[in-house]
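Below: the structure, in structure tokens.
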Amino acid sequence: AGAGYPNRNALFRGLTDFDFKIWGVNWTARELLRRLQRREERFTPDEFMKVVAGSKINLNLHSSTQTDGVDPRCDAINPRVFEIAAAGGFQLCDPCIGLERHFDLESEIPTYTDLKSLRERIHYYLAHGDERLEIAQRARERALRDHTYTARAQQMLDSILERHGAR
């Protein structure tokens, strides 16, 4: 569920032998058109949560206009990382810089580095459903414990107080 940036269109073309669905706009790769649900329609937050929670595997690939797949220099963590985790969805994510500060990259959000490793991870986690559910549960617990708006606001306040005192 998301926008079809060029790198996403390119990478997902290499997955058409899997059974998957896509929600969102700007998915232009001809090979992906039959996978689109409600073509070129945006989805609501509630619809997104239902899609995520109902999926066996959610693929999270950060958008890039610089590469045709995984951007090895991606340094901005998208909100989907936290939203998928909070919804209890299992996700495979590209290893954007800094992700390891927020989640464990094996036990909470496994990563992939290219199409080959993504395909290997998909096959593995489709065959290991109990492990997939345990990982999703750990990511959900982490997200709800450490990555809520309340937790972020507290971190900001703590940082301000640490730097500037209680004035």
Side-chain angles (χ1 to χ4, degrees), residues 1-99 102-103 105 108-129 131-133 135-140 142-144 147-149 152:
Y5 286 90
N7 69 314
R8 292 177 179 164
N9 273 281
L11 186 76
F12 280 44
R13 277 196 302 259
L15 301 172
T16 56
D17 55 317
F18 289 102
D19 179 23
F20 66 94
K21 296 177 182 174
I22 298 172
W23 283 262
V25 298
N26 301 324
W27 290 93
T28 57
R30 183 180 45 81
E31 301 90 338
L32 302 175
L33 295 181
R34 67 183 182 93
R35 310 226 181 250
L36 287 172
Q37 310 301 300
R38 297 181 359 209
R39 189 171 175 184
E40 292 304 310
E41 286 185 34
R42 299 198 180 274
F43 45 85
T44 68
D46 285 341
E47 290 169 330
F48 173 76
M49 297 298 270
K50 288 176 185 175
V51 167
V52 166
S55 299
K56 289 181 181 177
I57 298 175
N58 295 277
L59 301 181
N60 193 346
L61 174 61
H62 287 76
S63 60
S64 174
T65 57
Q66 309 299 318
T67 63
D68 283 337
V70 177
D71 181 355
R73 296 174 306 281
C74 177
D75 64 354
I77 300 172
N78 67 24
R80 295 278 192 257
V81 167
F82 304 100
E83 294 163 350
I84 293 169
F90 174 83
Q91 69 181 297
L92 294 173
C93 189
D94 56 330
C96 50
I97 297 167
L99 182 62
H102 302 287
F103 291 94
L105 302 188
E108 294 172 334
I109 298 182
T111 61
Y112 59 92
T113 55
D114 54 22
L115 179 60
K116 182 178 185 276
S117 66
L118 174 58
R119 292 180 60 80
E120 290 169 356
R121 292 271 180 155
I122 291 170
H123 281 295
Y124 178 84
Y125 286 111
L126 285 176
H128 295 87
E131 184 178 354
R132 188 177 69 235
L133 293 174
I135 289 171
Q137 181 60 34
R138 282 193 295 271
R140 183 174 194 276
R142 170 68 77 92
L144 296 178
H147 304 304
T148 63
Y149 287 113
R152 284 289 181 268

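Model, not experiment: these values are computed from the prediction.
Once rounded to the nearest 0.5 Å, the distance linking CG of D19 with NZ of K21 reads 7.0 Å. To the nearest 0.5 Å, atom CD of residue Q91 and atom CZ of residue R80 are 11.0 Å apart. We find the CZ-CD distance between R142 and E108 to be 4.0 Å, quoted to the nearest 0.5 Å. Here H62 contributes atom NE2 and T67 contributes atom OG1; the two are 12.5 Å apart, rounded to the nearest 0.5 Å. A distance of 12.0 Å separates NZ in K116 from CZ in R121, rounded to the nearest 0.5 Å. In this structure, T28 OG1 and L33 CG are separated by 8.0 Å, a value rounded to the nearest 0.5 Å.
Under a cut-off of 6.0 angstrom, the local environment of CD in E40 is crowded, with over 12 non-hydrogen atoms contributed by other residues, nucleotides or ligands. Within 6.0 Å of atom CG in D68, 12 or fewer heavy atoms from other residues, nucleotides or ligands are found, so the atom counts as exposed in its surroundings.
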> Do N7 and D71 pass the side chain to side chain contact (heavy atoms under 4.5 Å, CB included) test, and can you show the C-alpha distance, the side-chain angles, and the key distance before you say yes or no?
Replying inline: CA-CA 8 Å; N7 69 314; D71 181 355; 5.6 Å; no

> Going through the distances and angles, do L59 and F12 end up as a side chain to side chain contact (heavy atoms under 4.5 Å, CB included)?
Replying inline: CA-CA 9 Å; L59 301 181; F12 280 44; 4.0 Å; yes

> Run the side chain to side chain contact (heavy atoms under 4.5 Å, CB included) check on D94 and L11 step by step: do they pass?
Replying inline: CA-CA 11 Å; D94 56 330; L11 186 76; over 6 Å; no

> Between L118 and V70, is a side chain to side chain contact (heavy atoms under 4.5 Å, CB included) present by the stated rule, with each step listed?
Replying inline: CA-CA 10 Å; L118 174 58; V70 177; over 6 Å; no

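Between I109 and A139, the closest heavy-atom pair is CG1-CB, 4.3 Å. Between R13 and A29, the closest heavy-atom pair is NH1-CB, 3.6 Å. Between W27 and G2, the shortest heavy-atom contact is NE1-O, 2.8 Å. In this structure, R119 and G14 approach most closely via the heavy-atom pair NH1-O, 2.9 Å. Heavy atoms only, all atoms of each residue included: G4 and N9 are closest at O-ND2, 2.7 Å. Contact between Y5 and S63 at its shortest, heavy atoms only, is CD1-CB, 3.2 Å.
Using a distance-only test at 3.5 Å, with no hydrogens or angles considered, a donor-acceptor pair links the side chain of R140 to the main chain of A86. With hydrogens and angles ignored, the 3.5 Å screen pairs no side-chain donor or acceptor of R42 with any backbone N or O of V25. No side-chain donor-acceptor contact under 3.5 Å links R35 to the backbone of I22.
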Side-chain donor-acceptor pairs under 3.5 Å in residues 47-58, sequence neighbours left out?
from : atom 1 : to  : atom 2 : distance (Å)
E47  : OE1    : R38 : NH2    : 3.2
E47  : OE1    : T44 : N      : 2.7
E47  : OE1    : T44 : OG1    : 3.4
E47  : OE2    : R38 : NH1    : 3.2
E47  : OE2    : R38 : NH2    : 3.4
S55  : OG     : V51 : O      : 2.6
N58  : ND2    : V52 : O      : 3.3
N58  : ND2    : F90 : O      : 3.0

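With F82 as the aromatic partner, R152 meets the cation-pi criteria of under 6.0 angstrom to the ring centre and within 45 degrees of the ring axis.
Using cut-offs of 30° and 60° on the angle between ring planes, the pair H102 and H147 is perpendicular.
The shortest side-chain heavy-atom distance between F103 and C93 does not fall under the 4.5 Å cut-off.
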